[in-house]
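Down below is the structure, laid out as structure tokens.
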Amino acid sequence: MYKGVMRPGHVQIRVMDMAAAVSYYRDLLGLIETHRDSSGRVYLKGWTESDKFSVVLRETDRPGLDFCGFKVFNNEALESLEAALKAFGCKVEDIPAGELDDCGRRVRFDSPTGHVFELYAEKTRTGKWGISTVNPEAWPRNLTGMKATRFDHCLLYGADLDGTLELFTKILGFSLSEQVIDENNLRIAQFLTCSMKEHDIAFIRNAEDGMLHHVAFELDTWEEVLRAADLISMEDVPLDMGPTRHGLTHGQTVYSFDPSGNRTEVFCGGDYFYPDHEPVTWTADKLGKAIYYHSRELNDRFLSALT
Amino acid sequence: MQNFEHLVTDVTSQESFCCLDGETLLNASVRSGKNIIPVGCRNGGCGMCKIEIVGGDYRTGKMSRAHVTEQEEGQGIVLACRTMPGSSLEIRSKGTSPGFN
Ligand code: FES
Ligand SMILES: [Fe+2]
């Protein structure tokens, strides 16, 4: 049931070399650099996004995900969600407005899979980049690289999938759209949505908690996915897999690694979700096809390289 | 020294491959086709290519501290995707020596 969580709003990604990271996220993926703060963090967004930023890069000595934030409908929703998270038993922390420039108060909490999430209601709205809100053109002319349109979702690895499913469905109002079930009826993957998208966040069962598999950005068409793969080769960036189609969600995709080893996905298409839909189930014996719809063969690197 | 080649030998399997000056050990391992070192992100983040340098000179780039601590780095533990040879090298890899990680 809807609790006021609207959409994935931002991610803060750890990188080991800021200059190299900016050239990957801005010049290759084509995100727009919108801000740098006094602590050296760089803020970016996909050109179609209405708020000022959705990606924050932070330089440190190890890669990975600091947190993933969701934007909620308004401050009343934020307050009632905050109370519900505390009652559920999450470790809840109040991050004051302005800790991220141009972002309001954030409610930070942990998940049973050991990840850090946030909710917030306010962020400076700058509108789609490069086009007007009145009589807008179709797209801005001066985009670079892959021309990623928006930050879309994260796939995270951790142990307690059941607890995290309960947190996201009961407290945050997400729905289970797709799952992978093994021969013992254990759910080893869960795709969750708070919208009409097939997934806004996904989890895979893994002994080590708090790990990042990938951060995904949306492209317009399959042609753009192919062109993104061309750019990955032209720039000699490590390719992970694709271009191909997933069985899960049926999206069309290509994966590469950023200069600190964080995996990113650019993708297009995929199925849609309404709240009356039954979850789609893939069985673990068909995991190869669920991940790589064409080759149908599992690849150790895709399953186990994490940050 | 530009295109100088260094011999890299895996002490467990006694397999070796050539690595160019300025080339990473992981890249040279992949190029040799011998799959001595497991391949992950190729950018120093995931730890899949972690090896031990048993002997020889080398230099390293940025490696995730989540996978190579300062103490390990002092003991010759490196990420092969961020390590370049300065001489012939002897290495130990979990690709051929499963007990080692
Ligand atoms: S392959 Fe990921 S750290 Fe070397
Ligand atoms: Fe994805």
Side-chain angles (χ1 to χ4, degrees), chain A residues 13-25 28-29 57-66 114 155-157 204 206-215 232-233 235-241 255-265 298-307, chain B residues 3 13 19-51 58-75 77-84 93-101:
Chain A
I13 303 169
R14 293 191 297 273
V15 299
M16 295 189 284
D17 178 333
M18 186 57 84
V22 169
S23 102
Y24 178 89
Y25 287 95
L28 180 61
L29 297 192
L57 304 175
R58 180 173 76 90
E59 189 177 70
T60 181
D61 64 1
R62 68 201 65 201
L65 184 72
D66 276 336
L155 173 59
L156 307 173
Y157 272 41
I204 286 187
N206 180 59
E208 189 175 3
D209 273 338
M211 302 304 286
L212 170 66
H213 186 273
H214 68 262
V215 176
I232 288 167
S233 278
E235 297 297 323
D236 200 25
V237 161
L239 173 82
D240 188 38
M241 73 166 235
Y255 291 83
S256 66
F257 292 103
D258 83 2
S260 301
N262 297 302
R263 186 189 283 94
T264 74
E265 169 183 34
L298 291 175
N299 153 341
D300 188 47
R301 179 184 56 220
F302 186 76
L303 293 176
S304 38
L306 306 171
T307 55
Chain B
N3 286 309
S13 64
C19 185
L20 296 172
D21 214 58
E23 183 182 23
T24 67
L25 300 184
L26 186 64
N27 203 64
S29 165
V30 170
R31 209 162 44 77
S32 76
K34 290 181 180 162
N35 285 327
I36 290 169
I37 307 171
V39 184
C41 69
R42 294 184 178 225
N43 273 335
C46 73
M48 283 179 74
C49 69
K50 192 169 174 177
I51 59 169
Y58 58 92
R59 59 188 192 284
T60 55
K62 284 195 175 142
M63 305 183 287
S64 170
R65 275 280 174 250
H67 294 292
V68 179
T69 64
E70 239 162 291
Q71 189 192 357
E72 284 179 314
E73 197 174 337
Q75 296 163 351
I77 305 291
V78 298
L79 299 176
C81 66
R82 285 290 163 92
T83 305
M84 284 154 291
S93 159
K94 61 184 159 191
T96 55
S97 185
F100 163 75
N101 65 23

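Worth knowing before you read on, the calculation uses all heavy atoms, side chains too, and leaves out hydrogens, waters and symmetry mates. Lettering of chains follows the sequences in order, A, B, ..., and the numbering in each one begins at 1.
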pair M48(B)-S304(A): side-chain heavy atoms closer than 4.5 Å
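M48(B) reaches S304(A) side chain to side chain.
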If you define the side chain from C-beta out and look only at heavy atoms, does anything of M16(A) sit under 4.5 Å from R82(B)?
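Yes, their side chains come closer than 4.5 Å.
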For N262(A), which atoms come within 4.5 Å of any heavy atom of chain B: side chain, backbone, both, or neither?
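N262(A) has no heavy atom closer than 4.5 Å to chain B.
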Can you say whether D61(A) sits under 4.5 Å from chain B via the side chain, the backbone, both, or neither, judging by heavy atoms?
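Its backbone and side chain both get close to chain B.
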Does N43(B) use its side chain to pair, donor to acceptor, with the backbone of D258(A) at less than 3.5 Å?
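A pair under 3.5 Å: yes.
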At what distance, to the nearest 0.5 angstrom, does [atom1] of [X] lie from [atom2] of [Y]?
X       : Y       : atom1 : atom2 : result
R42(B)  : R301(A) : CZ    : CZ    : 7.0 Å
T307(A) : H67(B)  : OG1   : NE2   : 8.0 Å
C46(B)  : L212(A) : SG    : CG    : 12.0 Å

Contact summary for A305(A) and G40(B), nearest pair of heavy atoms
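Heavy atoms of A305(A) and G40(B) come nearest at CB-CA, 4.2 Å.
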